[in-house]
Amino acid sequence: MMEEEKGTVVVAPVERVVFALNGERQEVSAAEVDPSTTLLEFIRTATPFKGPKLGCGEGGCGACVVLIAKYNPTTDEVTEFSASSCLTLVYSIHFCSVITAEGLGNTQDGFHAIQKRMSGFHASQCGFCTPGMCMSIMSSLINADKSKQPEPPQGFSKLSVSEAERSFSGNLCRCTGYRPIVDACKSFASDVDLEDLGLNTFWKKGDMCPDVSKLPGYTFGGGICTFPDFLKFEIKTSLDYMNDATIPSPMEGWYCPKSIKQYYELVNSGLFSESSVKVVVGNTSTGVYKDQDLYDRYIDIAGIPELSSIVRKDKGIEIGAATTIARTIEILNQESESMSSPDGSVVFRKLADHMSKVASPFVRNTASIGGNIILAHKYPFRSDISTILLGAAATVSLQVSSETLHVTFEQFLEQPPLDHSTLLLNIFIPHWASDCKKENTLIFETYRAAPRPLGNAVSYVNSAFLGHVALDKSSGDNVLSNLHLAFGAYGTEHAIRARKVEEHLTGKILTASVVLEAVKLLRETVVPMEGTTHPEYRVSVAVGFLFSFLSPLCKGMVEPGKTPSISEDLLDNYVHNMPFSLRRETISGDEYKPVGDPIKKYKVELQASGEAVYVDDIPAPKNCLYGEFIYSTQPLAYVKSIKFKPSLASKKIITVVSAKDIPTGGRNIGSSSFLGEDEPLFGDPIAEFAGQALGVVIAETQRYADMAAKQVVVEYSTDGLKAPILTVEQAVQNKSYIKVPPSMAPKQVGDFSIGMAEADHKILLEEVKLPSQYYFYMETQTALAIPDEDNTMTVYSSSQYPEFAQNVISKCLGIPFSSVRVITRRVGGGFGGKSVRSLHVATAAALCAHTLRRPVRMHLNRNTDMIMIGGRHPMKGRYSVGFKSGGKITALHLDLLIDAGISADASPIMPGHVVSGLKKYNWGALSFDIKLCRTNHTSKSTMRAPGHTQGSFVAEAVIEHVASVLSLDANAVRQRNFHSYDSLVSFYPGSSAGESSSAYTLHSLFDRLASTSSYLQRSESIKKFNGCSKWRKRGISSVPLVFSVRVRPAPGRVSVLTDGSIVVEVGGIELGQGLWTKVQQTTAFALGQLWPTGCEEGLLDRIRVLQSDTLNLVQGGLTAGSTTSESSCAATLQACNMLLDRLKPVMGRLQSQSGTVSWDTLISQASQENVNLSASAYWVPDKDSNSYLNYGAGTSEVEIDLLTGAITILRSDLIYDCGKSLNPAVDLGQIEGSFIQGIGFFIHEEHQTNSDGLVISNSTWDYKIPSVDTIPKQFNAEVLNTGYHKHRVLSSKASGEPAVVLAASVHCALRGAIRAARIEFAGSTESARSSLLTFQLDVPASMTVVKELCGLDIVEKYLQEDDLSSTGTAGCN
């Protein structure tokens, strides 16, 4: 396929692309779909399938994962792999087969075993991530079953447990905490012990012999056709994989050169400019460096054979630049296994192992190794691959027009950025086997320090070291030669070799002094660029890596990877393994059956199959337009003008909607606080904070709108304006506060001055700081607004508060509430972020639809969502505490400044919630001065356990500080300050009302946890471990939970249709918390009284729970605070009782005539008698008991690496009082999920802004929520049944939020481990050691923080010690 253009033969653009989607043929015409369209966009907008979700658009979350299969007609083989459809361009999958979750299994054809097991193991909550999870697991199963491993037992795959646990390592979940997903995966593994698997619907925990026959059957090989025959036939009969038609003139399009010659013919044709064409293989680079404009031409070089060739040579292997990273790993592993020389295999094996920690499986499957290297060459990209190839002394081949150049990797990295005239051909990796003389041993090691062990996170610093070791015959010491010491990612333009260090070490006998000098030289070499975050940390870790490499070669040194004379029971083999599940649960009795049964989530299979409908899954109405916010980058400024750069994306703009388009009678309102304070929809004429909406760009697709918004140029002016308030200290100086109504203000307890006078010891004005946290719901903010007749509006919103959305939209448009219908079916995660903050998106979409008289959809991309939506409230405070020598605290005072952002939102509740969390201990006297500061930041809103999380943390910080000062065990200090029942009543007068002393279960819970978690024994083991281990330390901590919740009124309606099916409507929104499931169970319990044989599954199956509709069921209220499920159940129960009162007389009459009466007969007769079969209720809790206390406890054990700061959570044990759980499986999932989200807050999630307050941690690359490889290795959770609670709904208690605060146990355990590390390197004097025991441990206590507190110079300190051989080994036997 060639075209003539100005006398030059040019490859023609592709005219059509053919592929299979879930077995159906798809043909994409170039005239219909532009070349920048992703596979995800095509599937979601041009087909009926909605399984792949847009979670991040960066390949960083896995929500969009699909299975792609390719067919080789020569070998008649099909290869399958997972891929990120948000990065994969649709034109790149010509003659491929694509499978989505719907193709795996669905309602019509039946569900796949993966989907059934995900459902049965309670592995889906909000469900937004579940289809992607299923596809990652499917890919792992198919490829494992194709391996050469032994045949598995019937019903299992060849997948091993360790492989199963890694099968979804790149997929993120914000709801479940990952444990049930791990169990579902492991159930397929051939070496699994089924008794180790957690709570499920297939057998009860404790069953004598669970066997695979009880699980949904798995067909070996996956059980589905991944590549249809029709496509194989079409490939075989095609003369060329691409279109063979010629196109007469230059046009936009996708070009697929089949040779290097054709590539250069294209590049030199004059059709392309650097700015308008993009050269791609897998297009994964856009996940890191976002496209800033649209491209109208693409050159796909994946089809050039030379770029994918693998050539084995005498001294190594040559890998084509277009070879995927996954294929490269496979090749390196194969080569290492086939090589006879151990020295030769070590390089390839370790390179492969390191590459398997780069990105995620579904990115490695499509990303090319050459693309990764080009990124590292073009940008300061923190590439692991670039560094390890430099360390392995790789070389590259470059094609520059007609000339082929061979250069070292170092030379390549130092070249100026390449343009399209230079093509990276291949990478040659030497195996070094032939270079090893008999007396020499090859050593090769790679290292990385990253927030996640298994990848999906770029490194803070990485390195690769290669060399030869020989034994000095005279001394018996080791001597190094031929060294390659590579360092990267530390804040450098590209990876470098530390040549001065290499020269220093070469030929020298390795001693402590030689290594110390090498460290000094390295510090002079590894110098981060200005602006690099954590520069000292990165340098220190680089030093640690060099020390780790050299120490095994030095006599007498304690190697970081080894701990002398530690017995196996102290090592705990699970430290470096993936999680395993040991979960306990207590199931309620039969009193309220099926309430109390751990049944699976309502309609959960639909979530696994991708058929569950979220707002963005609703088919776009005809003539639908799409919007994206333009936001301010300045904190306080007049907006003088909004213009757009000339670009391809700017041409896609249809219009911009702004404050001027608000109709007469409407208001510039985007949200409102619970107390009535409005927040503007648009900053007009003044932008009050960075991230404030200024307008909405409208385009024909969401991608066009998103890209067009990037073209905006806003002119600002600060003339006449005061300086913005960007800190709480500035707010205090300017007296910029948000008022807290007296009714919401917390009350002090006792007399602080008297309590301080009674104290033996005092700590005065100790600082404590807490940052913000982003919600990271998997489904970003989204809304679809459809104008209707008579100036009315229907809005589908992903909202926790549809009623409030209805109010705000109507005020903005100036129309009655009755003219606005807001519908919410389900929400893909909320955590408080979709209560008030979602209103802006729904209102903006409604205003655009009203203005344009066309449907408008807005689905915020992840970057915009993170910048605009806000999050948890940052706080800064100081505490003063008095206490006795025995640890009893007599008084506590807290001065606290809360950053509320620009508007009130829900912030007035925060002081009360903070103090409520603080009151978990009996402080004797408690006083506080809390100021709610108004700043020029995005409004902060409620986030899971708002205020309680911060208040509880402050309480634990005080306890830890007191224990440290007194040199007492922190747990002992905690228990000395637990409430008695009387003090509990005085600290929580409202929440404890009506509760008997027997309901105060904290003491018994804490004692039970100490026993079940073996706290005392493990504490002793940790002391021994820390005494023996120099470079790793452990800590353990237990924290209690006292959490006050408030129950709110709720509506409910239950209707029985004439065929006996039941429809239930409640105001509460299904967010993943199992609200619909509990409502379904409650309905079955109540109406089951009229079911002939009691409540059986048949009745459950007849119940349908409907979506929220503000014009159908009014006063729906807010779904938040963990109590909406019980409120909705109470309203449902009330409505059911009304129906029972109507139906029982009919039942009585029928029974008197014929004995047993079926449900269908009863309903038919009632209908004939004109009985009202629909009952509505509005449940209002008793004022005397509308709030209550929840109790629980958590113990966590951690291990830290002193050289990198890496944190491993070895074990967490949770115990929680759920009263009588409405559904133990749901509650257990909520408890685990909230605990893991708390770990994110306390350990991982760094919420960062620039000097103007604009969020800069605005992507999956910069913001790291917990992943499956960062959760506790051993995780035990127990839901305790504490019996009858007369004021609770069916004796149940809340579960969704409280466990967040238990994650403070991880933070406190870290403090203990760090303390042990500081003592280790404190020196010999007692004063030096005691001064290091007390320190401030920030939140989040990330690995960078941990390392800095352990010491940035500990390697140097160690090397300077006189007697290396005796260090750190005393008492270890």
Side-chain angles (χ1 to χ4, degrees), residues 54-55 126 128 174 614-618 627-629 631 669-674 678-682 691-693 696 774-785 793-812 820-849 856-862 864-872 901-907 938-944 946 1067-1073 1107-1110 1116-1121 1124:
L54 179 61
C126 86
F128 199 81
R174 194 57 150 167
Y614 300 83
V615 172
D616 197 53
D617 297 333
I618 299 169
E628 166 66 354
F629 282 119
Y631 55 79
I669 175 175
S671 69
S672 185
S673 76
F674 298 157
D678 293 347
E679 182 179 336
L681 178 60
F682 300 119
Q692 184 173 21
V696 178
Y774 169 62
Y775 303 101
F776 214 105
Y777 27 61
M778 293 303 296
E779 175 202 38
T780 58
Q781 302 282 356
T782 181
L784 169 62
M793 185 70 62
T794 299
V795 180
Y796 296 88
S797 174
S798 180
S799 174
Q800 294 174 240
Y801 207 165
E803 180 187 0
F804 210 7
Q806 177 189 40
N807 298 355
V808 172
I809 291 168
S810 65
K811 291 175 182 175
C812 179
V820 178
R821 179 190 296 271
V822 178
I823 298 172
T824 303
R825 179 173 296 183
R826 59 172 58 82
V827 172
F831 317 116
K834 292 179 179 174
S835 51
V836 178
R837 305 319 299 162
S838 65
L839 305 185
H840 288 263
V841 182
T843 305
L847 174 62
C848 293
V856 172
R857 168 169 266 152
M858 293 184 69
H859 188 185
L860 299 195
N861 62 68
R862 182 63 67 179
T864 301
D865 197 285
M866 297 185 80
I867 287 169
M868 294 185 67
I869 298 304
R872 198 181 289 280
I902 196 66
S903 72
D905 197 279
S907 296
T938 304
S939 289
K940 301 303 180 284
S941 192
T942 54
M943 183 173 179
R944 208 170 196 171
I1069 306 300
E1070 176 58 56
L1071 311 170
Q1073 82 281 44
Q1107 63 193 14
S1108 169
D1109 183 331
T1110 57
L1118 169 65
T1119 301
T1124 312

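Values below: all heavy atoms of this structure, side chains included; hydrogens, waters and symmetry mates excluded.
Under the ring-ring contact (aromatic ring centres under 6.0 Å, His included) criterion, Phe831 pairs with no residue, sequence neighbours left out. Residues that satisfy the side chain to side chain contact (heavy atoms under 4.5 Å, CB included) test with Ser941, not counting sequence neighbours, are Tyr775, Ser835, Val836, Arg837, Asp905. Every residue meeting the ring-ring contact (aromatic ring centres under 6.0 Å, His included) condition with Phe776, not counting sequence neighbours, appears here in chain and number order: Tyr774. Scanning for ring-ring contact (aromatic ring centres under 6.0 Å, His included) contacts around Phe674 gives an empty result, with sequence neighbours left out. Residues passing the side chain to side chain donor-acceptor pair (under 3.5 Å) test with Gln800: none are found, sequence neighbours excluded. Applying the salt bridge (Lys or Arg N to Asp or Glu O under 4.0 Å) rule to Arg857 yields the partners Asp616; only residues at least two apart in sequence or on another chain are considered. In terms of the salt bridge (Lys or Arg N to Asp or Glu O under 4.0 Å) criterion, residue partners of Arg174 (sequence neighbours excluded) are, by chain and number, Glu1245. Legend: residues meeting salt bridge (Lys or Arg N to Asp or Glu O under 4.0 Å) with Asp617, ordered by chain and number and at least two apart, are Arg44, Lys53. Listed by chain and residue number, Tyr801 satisfy the ring-ring contact (aromatic ring centres under 6.0 Å, His included) test with Phe804 (two or more places apart in sequence, or in another chain). The side chain to side chain donor-acceptor pair (under 3.5 Å) check on Thr938 picks up nothing, with sequence neighbours excluded. Partners of Thr843 by side chain to side chain contact (heavy atoms under 4.5 Å, CB included), not counting sequence neighbours, listed by chain and number: Leu681, Val808, Ile809, Cys812. Legend: residues meeting salt bridge (Lys or Arg N to Asp or Glu O under 4.0 Å) with Arg825, ordered by chain and number and at least two apart, are absent.
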Test side chain to side chain donor-acceptor pair (under 3.5 Å) applied to Ser939 and Ser903, step by step: CA-CA 6 Å; Ser939 289; Ser903 72; 2.6 Å; yes
Start with the C-alpha distance between Phe629 and Ile867, add both sets of side-chain angles, then the distance that settles side chain to side chain contact (heavy atoms under 4.5 Å, CB included), and finish with yes or no. CA-CA 11 Å; Phe629 282 119; Ile867 287 169; over 6 Å; no
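Formation of a donor-acceptor pair under 3.5 Å by the Glu803 side chain with backbone atoms of Gly1117 is found in this model.
Atom NZ of Lys834 sits about 14.0 Å away from atom CG of Leu1118, to the nearest 0.5 Å. Remark: Lys940 NZ to Ile869 CD1 distance equals 11.5 Å, nearest 0.5 Å. Distance check: Phe128 CZ to Glu779 CD gives 5.0 Å after rounding to the nearest 0.5 Å. The distance from atom CG of Leu847 to atom CD1 of Ile669, rounded to the nearest 0.5 Å, is 12.5 Å. Atom CG of residue Asn807 and atom OG of residue Ser671 lie 12.5 Å apart, to the nearest 0.5 angstrom. Distance check: Leu54 CG to Thr780 OG1 gives 6.5 Å after rounding to the nearest 0.5 Å.
The minimum heavy-atom distance linking Gly627 with Val696 is given by the pair CA-CG1, 3.7 Å. Shown here for Thr942 and Ala906, the closest heavy-atom pair between the two residues is CG2-CB, 3.6 Å. What you find for Ser799 and Thr824 is that their closest heavy atoms are O-CG2, 3.6 Å. Nearest heavy atoms, Met868 versus Gly691: CG-O, 3.3 Å. Counting all heavy atoms, side chain and backbone alike, Met858 lies closest to Ala845 at SD-N, 3.7 Å. Nearest heavy atoms, Gly829 versus Cys126: N-CB, 3.5 Å.
Residues Thr782 and Ser798 have side chains that never bring a donor and an acceptor to within less than 3.5 angstrom of each other.
Residue Pro802 forms a side-chain contact (heavy atoms from CB on, under 4.5 Å) with just one option from Asp1109, Ile823, Val822, and that option is Val822. Val827 pairs in a side-chain contact (heavy atoms from CB on, under 4.5 Å) with only one of the listed residues (Thr1119, Val615, Ile1069), which is Ile1069.
Using a 4.5 Å heavy-atom threshold, the side chains of Leu860 and Glu628 count as touching.
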